[in-house]
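Inspection log for the structure reproduced underneath, given as structure tokens.
These numbers come from the heavy atoms of this one structure, side chains and all, not from hydrogens, waters or symmetry mates. The shown structure was predicted, so the numbers you read here are calculated from the model rather than taken from an experiment. Indexing begins at 1, ligand by ligand and atom by atom, following the structure's order. Residues take their numbers from the sequence shown, with the count starting at 1.
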Amino acid sequence: MEENTILEKVALNSAVVKFVIYKPLIAKSAKAGQFVILRGREGGERVPVTLVDWDTQKGTITVIIQAIGKSTAMFNSLKEGEKFLNVAGPLGTPVEIKNYGTVAVVGGGVGIAEVYPIARAFKEAGNKVIAVLGARTKELLILEKEMAALCDKTVCATDDGSHGMKGMVTDAIQKLHDEGEKIAAGFIIGPIPMMKFTSRLMDKLGIEPFSSLNPIMLDGTGMCGCCRVTVEGKVRFACVEGPMFPSKTIDFDELIRRTSEYKPQEKELLEMYQKDHVCKCGLH
Ligand SMILES: Cc1cc2nc3c(=O)[nH]c(=O)nc-3n(C[C@H](O)[C@H](O)[C@H](O)COP(=O)(O)OP(=O)(O)OC[C@H]3O[C@@H](n4cnc5c(N)ncnc54)[C@H](O)[C@@H]3O)c2cc1C
Ligand code: FES
């Protein structure tokens, strides 16, 4: 079996795909909270994605990718039996796993996949784990069954009320608090505004918040400085010191500004890719 081969591909919804990839060395050393950098082809972008699962016996790793731009759309068009050009990792600092008593894991959109291994690690460490899963609508809410099988309690919230409670993850956390859940720490992964407002609420409720930051990354090994974020007034490199940081003092507004810097170029590239794709396959 050649390394980087896609052994399994499953669509979780119209934009999100799960890949099981043959990569024994990464499977052997992966830990919750770490990620890999993928490249699809020579000259292609380096794309960080979270290690969602790994199997040391089979030598496989699992990643879950949401197509939002050119590179992720190209990845999600790869088929079983095809290969990623590079799979580098595991990268980043694993999440510090300890017994807090009760822990909330909060996932928004594809962030649900990213928070899954963290939920599992906290469960294995003896915590009561409450999953709070959020999405715009039912179709976009992934891995509910898997989370429910793992966690002591799972609460879903959708913006349009099509599944679970109507509202945002912050509404669900407030409700859990009002019902008397004594949550000590919360681990949040999702869109930046969601992490910002969830951290603020948790801080107000006496829950220690942590967020996994997603600045633009290049090398992923602390050399280029691309992924710098401000935490407690200090510059930190998310690829090596994170991506998970205590989030009471993260400068989320700076992170939003920096991740939006290349929006026009990203939009143009995606449009060119979609146009090119139509021409090549002639099916759309
Ligand atoms: C540590 C980490 C873990 C991640 N885990 C996952 C995951 O498990 N599943 C998943 O679907 N996505 C994950 N992401 C986000 C993923 O890396 C971006 O969606 C992807 O890079 C977008 O590339 P694109 O060319 O398709 O889109 P583009 O059109 O190039 O970009 C769309 C948006 O994605 C972000 N982005 C672009 N390039 C990068 C880059 N090199 N590094 C980081 N962000 C970038 C920017 O916010 C940008 O506005 C993770 C990001 C980080 C930093
Ligand atoms: S991605 Fe280059 S220093 Fe972090």
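Side chain of D219 to backbone of M223: a donor-acceptor contact under 3.5 angstrom is found. A donor-acceptor pair under 3.5 Å is formed between the side chain of N99 and the backbone N or O of A125. A side-chain donor-acceptor contact under 3.5 Å links E82 to the backbone of K79. N86 places no side-chain N or O within 3.5 Å of a backbone atom of A88 that could act as its donor or acceptor partner.
Contact annotation for atom 35 (C) of ligand 1: protein absent (non-hydrogen atoms, distance under 4.0 Å).
Residues F75 and F19 place their aromatic rings such that the two centres sit no closer than 6.0 Å.
Atom 28 (P) of ligand 1 has E266 CG, 3.7 Å as its closest protein atom, hydrogens excluded (heavy atom only). When hydrogens are left out, the protein atom nearest atom 2 (C) of ligand 1 is P48 CB, 4.0 Å; that is the closest non-hydrogen contact. Among protein heavy atoms, atom 3 (C) of ligand 1 sits closest to T50 OG1, 3.4 Å. Atom 26 (O) of ligand 1 has its closest protein heavy atom at T72 OG1, 2.4 Å. For atom 27 (O) of ligand 1, the nearest non-hydrogen atom of the protein is G69 CA, 3.2 Å. At the top of the distance list for atom 10 (C) of ligand 1, counting protein heavy atoms only, stands I64 O, 3.8 Å. At the top of the distance list for atom 43 (C) of ligand 1, counting protein heavy atoms only, stands P215 O, 3.2 Å. Atom 41 (N) of ligand 1 has its closest protein heavy atom at M217 O, 2.9 Å.
Only the backbone of R46 comes within 4.0 Å of ligand 1, judged by heavy-atom distances.
Nearest-heavy-atom check against atom 53 (C) of ligand 1 across N214, L38, I37 picks out N214. The residue among E114, K70, M244, Q66 with a heavy atom at the shortest distance from atom 11 (O) of ligand 1 is Q66. One option in I68, T62, N76 has a heavy atom closer to atom 19 (O) of ligand 1 than any other, and that option is I68. Around atom 12 (N) of ligand 1, the closest heavy atom drawn from V49, L255, I192 belongs to V49. Of the candidates I216, T259, V115, the one placing a heavy atom closest to atom 38 (N) of ligand 1 is I216.
Remark: ligand 1 and P243 share no N or O pair separated by less than 3.5 Å (distance only, no angle test).
Two different hydrophobic clusters hold F187 and I207 under the rule that ILVMFWY side chains link at heavy-atom gaps under 4.5 Å. There is no path of hydrophobic side-chain contacts, each under 4.5 Å, that joins M217 to F237. The cluster map of Ile, Leu, Val, Met, Phe, Trp and Tyr, joined by side-chain heavy atoms under 4.5 Å apart, puts I250 and V169 in the same cluster. Under the 4.5 Å side-chain contact rule for hydrophobic residues, L51 and V49 share a cluster.
Applying the side chain to side chain contact (heavy atoms under 4.5 Å, CB included) test between I64 and each of T50, V52, D53 identifies V52 as the sole match.
Between K128 and E181 there is a salt bridge, with a side-chain nitrogen of the basic residue lying less than 4.0 Å from a carboxylate oxygen of the acidic one. In this structure, R39 pairs ionically with E42, as a charged nitrogen and a carboxylate oxygen lie closer than 4.0 Å.
Note on ligand 1: V63 sits outside its first shell, no heavy atom being nearer than 4.0 Å. The closest approach between any non-hydrogen atom of A67 and ligand 1 is not below 4.0 Å.
For the 3.5 Å distance criterion, the side chains of E139 and H163 fail to qualify, holding no donor opposite an acceptor. T198 and T170 share no donor-acceptor pair across their side chains, judged by distance under 3.5 Å alone. With hydrogens and angles left out, the side-chain atoms of T137 and S162 include a donor and acceptor closer than 3.5 Å.
Within ligand 1, counting atoms from 1 as listed, the ones closer than 4.0 Å to a heavy atom of I65 are 11 (O). Residue V47 approaches ligand 1 through these ligand atoms, each under 4.0 Å from one of its heavy atoms: 17 (O), 20 (C), 21 (O).
Heavy-atom contacts from other residues, nucleotides or ligands closer than 6.0 Å to NZ of K9 number more than 12.
Closer than 2.8 Å to atom 2 (Fe) of ligand 2 sit the protein N, O or S atoms D219 OD1, C224 SG.
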